[in-house]
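Just below is one structure, and these are the notes that go with it.
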Amino acid sequence: MVYEDLADWAIKYAQKLGATYAEARLEETKGQDFVLKNGTLEGSSFSSTSGLGIRLAVNGSMGFISTNIMNKEKVEETVRHAIKLASASARMADKLILSDEKTQKKNYQIKEKIKLGDVNPEKKIGLLTEIEKQILATKVKVPGRFLHINDWKTHKYIVNTAGSKISSTLPYLNFFYLLTVLNNKQTAQRMWQYGSAGGWELTGKWKLPELLASEVKTLNIALEKGTSPPKGSVDLVVSPQVTGIIAHESCGHPYEADRIMGREAAQAGESFITTDMIGKAIAKPVVTLVDDPTRPETYGFYLYDDECVKARKKFLVKDGIITEFLQNRETASFFGTKSNGASRASEYDKEPLVRMSNTFFLEGDYSEEELIKEVKLGVFMKSFMEWNIDDKRYNNRYVGSECYLIENGEIKTPVKNPVIELTTPTLYGAIDALANNTEFHAASCGKGEPMQGIPVTHGGPSIRIRGVKLG
Amino acid sequence: MKSNLREIAEYARKKLAEVADDVVLAAVAGQASQIKFANNKIVKTAIENTFDISAFVTKDKKILITNIKDMPTEKSEVSAAKKKVDESSKNIKKFLKFVQPKPDFFGIASGPFKYKKIPRLFDKKIANFDLNEVDFVQAGMNAALNEGAERTNGIFQLNAADAILLTSGNVDIESQATSAYFSIRALIEKDASGHMNSNARTLRDIEVEESGRFAGEIARQAKHPESGKAGKYDVLFAPLAFSVIAQNFGEAASIFDVEANLSFFKNKLGEQLGQKSLNIYDDATIAGGIASCEYDAEGVPTGKIPIIHNGVLKTYLYNTSSAKKYKTKTTGNAGLIAPGPHNVVFEAGTDSRESLIKEIKHGLYITNVWYLRYQNMSTGDFSVIPRDGMFLIENGKIAGPVKQLRVSENMLNILKNIHALGDDLKQMAGWETSIPVLTPHVIVKNVNITQPTN
């Protein structure tokens, strides 16, 4: 990378001015972006950025600087300013201690079978127009068709004063859609996202034109034939899309150690999980949840985190027992443990925080049909639209999009917008069986102030949740 | 103007005009400082420096947006910077070949325009970054602790930027902007918290101690909450809470959202959507307004645009091109791709917060909300979760704190059921409020509240 020398020099300069630790993260990103709204190409863009983020410890206080003005004079001036501010803050600062970690030196990358940079913009726009064509060919009334595709490649170089040096090159492809289907003066909306580290070959797997055509047909049938969901206590079978959002919202987030120690309380919130809950049961023994950044072809893939710590698979819940939190070097020091490589920043100009990567339920032995077969009265929730959760990750809500009534073990008519509104312990305690049909879905996860949206994957198999009162 | 910003921007406009029909060039040199605190300690300080040049170009109705990276910024580096522009111009020409035209694009604004100065948008003290930011943090924190808070968390941020906007439509304007942001959440024990933000463009207007006091007071009153009960309530929303919902009234007015079926205001122009006393504006001319600016993204002078006037939806928000499409005039709300609101402003009422509480027989006082998500943006069905202090109101009095409830509602219902507005207009922007909103305390009648099954 062009500015590696500048990054190397910057940490030495910070040390010279009194920093006891410094780490520089250099990022160069190139990308393209296209939006098709109701068949019209609203905008196209290509962009290229480079920037440097430096974290430094001075007088026990943590300072962070960032700049995209890539010259020594500006970096020098900014480091001086940062050291002045960090020194002034020392009287009120929390004593910054980072866990000791092994020195790492590595260069890694994801290989694209079809390089995103080699794909003509016409082809990328062509994919959007093909999707548009297939949607219109269904003859379903779809007055709102918002399609967005973007790709980017980031070269990253991280160096710290402990001697670690990590270089990586990661390409990403992302597709987002939001559709409005109209039938008999009623509308239904659906949005979803496909994203992964990788090249243009991903589009072959995603089969987006067929997928979106099928989606509008399904939404149309639900509008035409959908009935109200059953009242009272019923069983639920939810598909991997719903399983994934549950894994992300009510397992991944509350197991972030910086939430548990209160560092992110102002905005992202805290956690209903406390340190003394390690070793306690949160679910039946059939439930195991992991966070694994090393899984290839995912949106949350990486092999070394933004503090140069080697990434690994973490078991957050194993056989129903809470086992591990997501840690970076700061939280690991606080909890008296080692980092498990969960530190990431969305861009060069943001501080690394504890983040999820690919968070999912491990699958069971059943088929989805077998889960459904054992339900007398219930709902199969295949997809969802509205969802939210409180800032301690305790009060969940998921509102179904494509959903069906289950009667005596069989899928029946569509049902409209069933609402799951449960506390996390109730939800996890009610999961009694998991299928063997794991899927992974992409999302952008928000945390931090300033806000950092970061690519993640969540997923798992279809799961059965017993005895739920639907809203 | 520091550095070589103007010289480079002028060269870029000239150079890009050789390959394009329309050019809008925005150059910004910015600086920011930030202090983040958690559990009564400073956990991070940050300094940011940026220099960005972005370009919007059109050719035969083809639209392209790009930026120019690694721009040399020093006076001595002008020739290197010009080379960067030349390179970018070549790339734009090449890329435009692949792009399809947008048939309903009708060009950018033609100037020159005259602009009216808006007071209190710039503060030299902020721009010089020669302050003791830690003192502000300490003052806000102490105010919360004095109210009984055990822990305080939040952020104090200062921003300054020099900007220049040049277009092929004879727009040439320079501006200097500053802002200050203080956000504090006070916490007591496991379940009690209060939150307040202060947003300002000058140090004179930032309210760190008042914010700390309010957050601390709410946290103290929120101690030992009981589980709330689902049902219909008259809800008094505090400004921080209501801003999260109310920003959607501005966003839904964008003609881009209306066209994309992402707006509950579609086909509602001229309809009575709220009480006759309800007035909501988009106002970019408010003195000290967070998004106040004399001009929009294509250089058109901004104004005070009535979105809801006497309860009736009066207009959508347009840029020059979309206005031409609908045979109307731009409202000064470019967004070059999607028009959007600047500051969403509610006309205040005359009642104090205490008088509003007295008006409610059976209700809730919600001081903050988060995580608003739609089931359907075209119908306005959504839910959002109260956080921080939430209180039951019985017979005009606060009866005690409650927890674990959710507002499960519809945006048009909320608008229709706005019953009374307080006299305490506050400017809100932050984590959950990306579009700045000026709102007082607001009573919304008959709000649907749900709760989780334990």
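Every chain is numbered from 1, with letters handed out A, B, ... down the list of sequences.
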If one checks every heavy atom of A/T180 against chain B at 4.5 Å, the contacting part turns out to be side chain
Using a 3.5 Å distance criterion without hydrogens, assess whether the side chain of A/T40 forms a donor-acceptor pair with backbone atoms of B/K102. no
Which bit of A/P425 is near chain B, if near means a heavy-atom gap under 4.5 Å: side chain, backbone, both or neither? neither
Apply side chain to side chain contact (heavy atoms under 4.5 Å, CB included) to residues A/E449 and B/K36 and explain how you reach the verdict. CA-CA 9 Å; A/E449 185 164 33; B/K36 177 173 176 163; 5.8 Å; no
A/S48, part contacting chain B, at a heavy-atom distance under 4.5 Å: both
Does the pair B/R373 and A/R397 meet the rule for a side chain to side chain contact (heavy atoms under 4.5 Å, CB included), with working shown? CA-CA 10 Å; B/R373 288 291 181 280; A/R397 177 177 167 107; over 6 Å; no
Carboxylate-amine/guanidinium contact A/R91 B/D135, below 4.0 Å: yes
If you count every heavy atom of other residues, nucleotides or ligands that lies below 6.0 Å from B/K61 atom NZ, does the total exceed 12? yes
With a 4.5 angstrom heavy-atom cut-off, is it the side chain or the backbone of A/M92 that approaches chain B, or both, or neither? both
Measuring from A/F146:CZ to B/L262:CG, what's the distance to the nearest 0.5 Å? 7.0 Å
Chain A contact via B/F56 - side chain, backbone, both or neither, heavy atoms under 4.5 Å: neither
Donor-acceptor under 3.5 Å (A/D390 side chain, B/I385 main chain): no
Heavy-atom contact with chain B under 4.5 Å, split by part of A/I125: side chain
Only one of A/I420, A/L422, A/N396, A/T423 passes side chain to side chain contact (heavy atoms under 4.5 Å, CB included) with B/P452, and that residue is A/T423
Between A/D349 and chain B, with a heavy-atom cut-off of 4.5 Å, which part of the residue counts as in contact: side chain, backbone, both or neither? side chain
Within a 6.0 Å radius of atom NZ on A/K416, are there more than 12 heavy atoms belonging to other residues, nucleotides or ligands? yes
Given heavy-atom pairs under 4.5 angstrom as the criterion, report whether the side chain, backbone, both or neither of A/D391 touches chain B. both
Student check: side-chain heavy atoms of B/I65 and A/D33 closer than 4.5 Å: no
Should B/F382 and A/E386 be marked as a side chain to side chain contact (heavy atoms under 4.5 Å, CB included) after you check the CA-CA gap, both sets of side-chain angles, and the distance that decides it? CA-CA 7 Å; B/F382 76 99; A/E386 177 192 325; 5.5 Å; no
Side chain, backbone, both or neither: which part of B/Q404 has a non-hydrogen atom closer than 4.5 Å to chain A? both
Would A/Y394 and B/K403 count as a side chain to side chain contact (heavy atoms under 4.5 Å, CB included) if you check the C-alpha gap in whole Å, the side-chain angles of each, and the deciding distance to 0.1 Å? CA-CA 11 Å; A/Y394 191 75; B/K403 63 178 180 180; over 6 Å; no
Is it true that A/T187 and B/S378 share a donor-acceptor pair across their side chains at a distance under 3.5 Å? yes
Using modelled atom types only, decide if a donor and an acceptor are shared between the side chain of B/Q375 and the backbone of A/G400 within a distance under 3.5 Å. yes
Rounding to 0.5 Å, atoms OG (A/S66) and CD1 (B/I47) come to a distance of 9.5 Å
Correct closest heavy-atom pair for A/A265 and B/R387 would be O-NH2, 3.8 Å
Sub-3.5 Å donor-acceptor pair from the side chain of B/N261 to the main-chain atoms of A/P143, do we have one? yes
Do the side chains of B/F256 and A/K37 get nearer than 4.5 Å, heavy atoms only? yes
Proximal component of B/Y374, with respect to chain A [non-hydrogen, under 4.5 Å]: backbone
Below 4.5 Å from any heavy atom of chain B, which atoms of A/Q32 appear? Answer side chain, backbone, both or neither. side chain
Closest heavy-atom pair, A/S45 versus B/F95, reported as atoms and distance to 0.1 Å, is O-CZ, 4.3 Å
Can you tell which part of A/F272 gets under 4.5 Å to a heavy atom of chain B, answering side chain, backbone, both or neither? neither
When rounded to the nearest 0.5 angstrom, what is the spacing between CD1 in B/I42 and CG in A/L85? 8.0 Å
Need one label for A/M261: side chain, backbone, both or neither, based on atoms under 4.5 Å from any heavy atom in chain B. backbone
Salt-bridge contact B/R151-A/E270 (side-chain N to carboxylate O under 4.0 Å): yes
Please classify the contact between B/S183 and chain A as side chain, backbone, both or neither, with a heavy-atom cut-off of under 4.5 Å. side chain
Please flag which part of A/K84 lies under 4.5 Å from any non-hydrogen atom of chain B: side chain, backbone, both or neither. side chain
Relative to chain A, which segment of B/V384 carries a heavy atom at a distance below 4.5 Å: side chain, backbone, both, or neither? backbone
N-O pairing of B/R185 and A/E264 below 4.0 Å: no
Checking heavy atoms, do the side chain of B/I155, its backbone, both or neither come under 4.5 Å from chain A? side chain
Answer yes or no: does atom NZ of B/K93 have more than 12 heavy-atom neighbours from other residues, nucleotides or ligands under 6.0 Å? no
Quick check on A/T129 against chain B: is it the side chain, the backbone, both or neither that has a heavy atom closer than 4.5 Å? side chain
Does A/K447 offer a backbone N or O that forms a donor-acceptor pair with the side chain of B/W431 under 3.5 Å? no
Do B/N67 and A/T49 have side-chain atoms, one donor and one acceptor, less than 3.5 Å apart? no
Is chain A contacted by the side chain of B/M141, its backbone, both, or neither, given a heavy-atom distance below 4.5 Å? side chain
Selection from B/N91, B/D104, B/V137 maximising heavy-atom pairs under 4.5 Å formed with chain A: B/N91
Using non-hydrogen atoms only, which part of B/L187 is less than 4.5 Å away from chain A: side chain, backbone, both, or neither? side chain
Given that the side chain runs from C-beta out, which part of B/Y181 has a heavy atom under 4.5 Å from chain A: side chain, backbone, both or neither? side chain
So which residue, B/E133, B/E432, B/E259, B/K190, ends up with the most heavy-atom pairs under 4.5 Å with chain A? B/E259
The interface call for B/Q451 against chain A, heavy-atom contacts under 4.5 Å, is backbone
B/I92 versus chain A, the contacting section by heavy-atom distance below 4.5 Å: both
Find the one option among B/E48, B/Q157, B/K44 whose heavy-atom pairs under 4.5 Å with chain A are most numerous. B/K44
To the nearest 0.5 Å, atom CD of A/Q267 lies from atom CH2 of B/W370 at 9.0 Å
Among B/A260, B/S33, B/S383, B/S88, which residue forms the greatest number of heavy-atom pairs with chain A at distances under 4.5 Å? B/S383
So, are A/K392 and B/D191 salt-bridged, with charged N and O less than 4.0 Å apart? yes
Contacting moiety of B/D388, where chain A heavy atoms sit under 4.5 Å: neither
A/E28, part contacting chain B, at a heavy-atom distance under 4.5 Å: side chain
Quick one: which of B/A32, B/P103, B/A46 has the most heavy-atom pairs under 4.5 Å with chain A, could you say? B/A46
